[in-house]
2 protein chains.
Amino acid sequence: MKEIDFSGCPIMSSLSGERIKNLFEEIEFKINTYKKGDIVARQGSPCKYLNILLAGAVKTEMVAENGSVMTIENIAAVRPLASAFLFAENNIFPVDVIATDFCRIISIPRDEVLKMFQKDAGFLESYIKYNSNKTQFLSTRLQTLNIKTIKGKLAFYILEGLNKNLVLNPGNNKFRMDRNQTELAKYFGVSRPALARCISEMEEENIILIEHKEVKVINRAALQNLLG
Amino acid sequence: MKEIDFSGCPIMSSLSGERIKNLFEEIEFKINTYKKGDIVARQGSPCKYLNILLAGAVKTEMVAENGSVMTIENIAAVRPLASAFLFAENNIFPVDVIATDFCRIISIPRDEVLKMFQKDAGFLESYIKYNSNKTQFLSTRLQTLNIKTIKGKLAFYILEGLNKNLVLNPGNNKFRMDRNQTELAKYFGVSRPALARCISEMEEENIILIEHKEVKVINRAALQNLLG
DNA sequence: ATATTTGTGTAACAATTATGACAGATTAAT
DNA sequence: ATTAATCTGTCATAATTGTTACACAAATAT
C-alpha cells in the first residue's frame with residue numbers, strides 16, 4: 001500500500017490520500033514493473049484492467065500491417081492507460097503501449113473499478129472527465145491527420161505548441177519541442193527526409209527558425225496560411 | 001413529453017419508458033428541429049448540452065482551414081451527438097454537425113445530465129459505455145488514416161465491411177457499401193478521381209469487382225497485402 | 001418521356017512525398 | 001577526451017496523389 005502514490009493522477013485528483021488508502025484496502029489489484037523497451041500491452045489484446053502508470057513513461061503507437069508506425073502519444077506518470085477502452089463493448093487496446101523508461105503500473109480489474117464508482121462519486125466524475133478529455137485529444141489527432149501537407153501539419157503543431165506556452169510566456173514567439181525530428185516525423189506519419197526538407201524550406205521563407213528543439217516563429221500569419 | 005421516444009438510444013437502453021418519463025418530468029430540456037442541410041453545431045462552438053438525435057440523420061465533418069473536408073461519420077436517430085465532449089475541460093465540438101434529413105434534437109443541459117447520473121446508475125453506466133465505444137470508433141478512424149495509400153484504405157474499408165456482414169452471410173464475399181464513390185472519397189480524405197483510379201486498377205488486378213454499391217471480393221489475400 | 005442533376009470513368013499534367021543513400025553535426029557513453 | 005551512436009541536412013529518383021477537364025451513365029424531378 002505504502003508504495004502507491006497517485007499524486008498528479010487526473011482520475012484520482014478528487015480523492016484524499018486517506019480516501020484512496022481506504023478504497024484500495026477493499027479492492028483487488030496488482031502491480032507490475034517494466035523496463036525500457038518492454039511492451040506493456042499489444043495492439044489488439046483485450047483490456048480488462050484499469051491500468052495506471054505509477055512511475056516512468058510509455059509511448060503508444062499504432063502499427064499498420066506493413067509495419068509502418070505512427071506514434072499517438074507519449075505518456076508520463078501518473079496517468080491512466082487506455083482507460084477509455086475498459087468499458088467499451090470491443091474492449092481491446094487500439095495501440096501498442098511501449099515502456100520508454102522503467103515503469104511501474106498498477107492494474108485494477110474492471111469489476112473493482114465499478115465498485116469504486118459506487119463507493120465514490122468524485123472518482124466517477126473525474127473518470128468521465130478524463131475520458132472526455134481523452135476523446136478530445138483523439139479528435140485533435142484526427143484533425144492533424146486531416147491536414148494533408150507536411151508543412152500544414154508542422155504549422156498546426158507549432159501553433160499548438162505556442163498556445164500551450166502562452167500562459168507561461170504571453171506574447172512569446174518561441175517554444176521548445178518535446179520531440180526530435182525523427183520522432184516528429186513518426187508523430188506526423190511522414191518520412192523524416194520529407195519533414196527535414198519542409199523545415200528547411202520554411203526557414204528559407206523566413207517563417208520559422210528551428211535550432212535543436214527550440215522553435216522560433218518569425219511569421220505567424222504565414223503559419224496560419226499553411227494550415228490548409 | 002408524449003413526443004419523446006428514446007427507443008433504440010444506446011444511452012437510454014437500461015431505462016424503462018416509465019423511468020424515462022419520470023426522469024424527464026423533473027429536468028429541464030428543449031427540443032429543436034432542423035431541415036436537411038441545416039448546421040446543427042459548428043466545429044469549435046461550445047458543447048453545453050447533451051444533444052440526442054430523436055429523429056432524422058446527421059453527418060459530422062471535420063473542416064481544415066483551407067476548406068478541405070473529411071466526413072467523420074453518419075449518424076441516424078436515435079443517438080447522442082458529441083456526448084463525449086460534454087464533460088471535457090475544453091468542451092467544444094470537434095466537428096461540424098450537419099442535418100442530412102429532417103431532424104428533431106433534444107438538448108439537455110450539462111447540469112441536468114449530472115442530476116440524471118445521480119438519480120439513475122444504469123443511465124450512468126450506459127453513458128460511460130457509449131463514450132467508450134465512441135473513443136474506440138475514433139481510434140479505428142485514426143487507424144484508417146494511418147494507412148497511407150488509397151488502395152490500403154479501400155482494402156481496410158472493404159475487409160471491415162465484409163466482417164460486418166459476416167454474421168448475416170457467413171463465408172460471403174460480397175457486401176453493399178453505404179456510400180457512393182464521392183462520399184467514400186470524402187470519408188478517406190482523398191480526391192475522387194484518385195479513388196476511381198485505384199478502384200479501376202484493383203479491378204484490373206482481379207482483386208475486387210464493384211458494381212454500383214455492390215462490392216465483390218475476388219482475391220481476399222491480395223486485399224490483406226494492401227493494408228500496409 | 002424528357003430534362004436536369006448527380007455520379008462515374010478516364011486522361012494529361014503538376015505537385016507532393018517516399019525511398020535510399022550519404023556526409024557532417026551533435027549527443028551520449030566510456 | 002575519445003569513441004560510438006544518434007540526429008540532421010541534403011540529394012536524385014520513383015511512386016503516389018491532386019488538379020482540372022471532359023464525356024458518358026445513372027438517378028431524379030418535372
Side-chain angles (χ1 to χ4, degrees), chain A residues 36-37 59 64 66-71 100-101 144-157 176-205 207-216 225-228, chain B residues 36-37 59 64 66-71 100-101 144-157 176-205 207-216 225-228:
Chain A
K36 184 174 177 174
K59 62 177 173 182
N66 69 340
S68 99
V69 173
M70 184 176 60
T71 304
T100 53
D101 209 341
T144 313
L145 284 175
N146 185 29
I147 300 173
K148 304 304 184 312
T149 65
I150 297 179
K151 283 187 183 182
K153 286 174 204 282
L154 189 56
F156 186 86
Y157 182 81
R176 192 177 170 73
M177 293 193 290
D178 50 357
R179 291 171 230 265
N180 65 29
Q181 225 180 73
T182 308
E183 288 166 341
L184 197 56
K186 262 189 162 186
Y187 181 73
F188 289 159
V190 303
S191 74
R192 190 199 52 79
L195 175 60
R197 177 174 39 200
C198 286
I199 290 175
S200 294
E201 288 175 7
M202 285 166 75
E203 284 181 336
E204 267 173 29
E205 293 162 14
I207 298 173
I208 53 171
L209 198 71
I210 297 184
E211 259 175 32
H212 310 287
K213 286 182 179 174
E214 210 67 44
V215 182
K216 186 178 175 182
N225 285 336
L226 282 174
L227 280 184
Chain B
K36 184 174 178 173
K59 64 178 173 181
N66 70 341
S68 100
V69 174
M70 184 176 59
T71 305
T100 53
D101 209 342
T144 313
L145 285 176
N146 186 29
I147 300 172
K148 304 304 185 312
T149 65
I150 298 179
K151 283 187 184 181
K153 287 172 203 280
L154 188 57
F156 185 86
Y157 182 81
R176 190 175 172 73
M177 293 192 290
D178 50 358
R179 292 172 230 266
N180 65 29
Q181 226 180 71
T182 308
E183 288 166 341
L184 197 56
K186 263 189 162 185
Y187 182 73
F188 289 158
V190 303
S191 73
R192 189 201 52 80
L195 175 60
R197 176 172 42 200
C198 286
I199 291 175
S200 294
E201 287 174 9
M202 284 166 77
E203 285 181 336
E204 266 174 30
E205 293 161 15
I207 299 173
I208 54 170
L209 198 72
I210 298 184
E211 259 174 32
H212 310 287
K213 286 182 179 175
E214 210 67 44
V215 181
K216 186 178 176 184
N225 285 337
L226 281 173
L227 280 184

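Throughout, a chain's letter reflects where its sequence line sits, starting with A, and its residues are numbered from 1.
Straight-line distance from the CD1 atom of A/I147 to the P atom of C/dT16: 16 Å, rounded to whole Å. The nearest whole Å value for the distance from the NZ atom in A/K36 to the C1' atom in C/dA28 is 11 Å. Rounded to an integer number of Å, the gap from CD of B/E203 to P of C/dT8 is 12 Å. The interatomic distance linking A/I150 (CD1) with C/dA15 (C1') rounds to 12 Å, in whole Å. For A/K153 and C/dT17, the NZ to C1' distance is 11 Å, given to the nearest whole Å. A/R179 has its CZ atom 20 Å from the P atom of D/dT6, to the nearest Å. In this structure, B/K148 places its NZ atom 14 Å from P of D/dG18, rounding to the nearest Å. For the pair B/E183 CD and C/dG7 P, the interatomic distance rounds to 7 Å; values are reported in whole Å.
The A/P193 side chain lies nearest to C/dT19 when the options are C/dT27, C/dT19, D/dT19. Looking at the side chain of A/A196, the nearest of the listed nucleotides C/dT19, D/dT10, C/dT8 is D/dT10.
Summarising the local packing, NZ of B/K216 is surrounded by 12 or fewer heavy atoms from other residues, nucleotides or ligands at distances under 6.0 Å.
Contact annotation: B/Q181 side-chain N/O to C/dT6 OP1/OP2 distance is not under 4.0 Å. Taking only side-chain nitrogens and oxygens, B/T182 never comes nearer than 4.0 Å to OP1 or OP2 of C/dT6.
Between the side chain of A/E203 and the backbone N or O of A/I210, at least one donor-acceptor pair lies under 3.5 Å. Of the possible polar contacts, one joining the A/K148 side chain to the A/N146 backbone as a donor-acceptor pair under 3.5 Å is found.
Residue contacts shown for B/S191 include a base, since a base heavy atom lies under 4.0 Å away.
With DNA chain C read from its 5' end, the first of the two nearest nucleotides for A/L195 and A/H212 is the one closest to A/L195. Where A/A194 and B/A194 meet DNA chain D, the nucleotide closest to each residue was compared, and A/A194 sits on the side nearer the 5' end.
Using a cut-off of 4.0 Å between Lys/Arg side-chain N and Asp/Glu carboxylate O, B/E183 and B/K59 are scored as not salt-bridged.
You'll find the side chain of A/E214 stays beyond 4.5 Å of the side chain of A/L209, heavy atoms only.
For B/R192 against C/dG9, a side-chain-to-base donor-acceptor contact under 3.5 Å is present.
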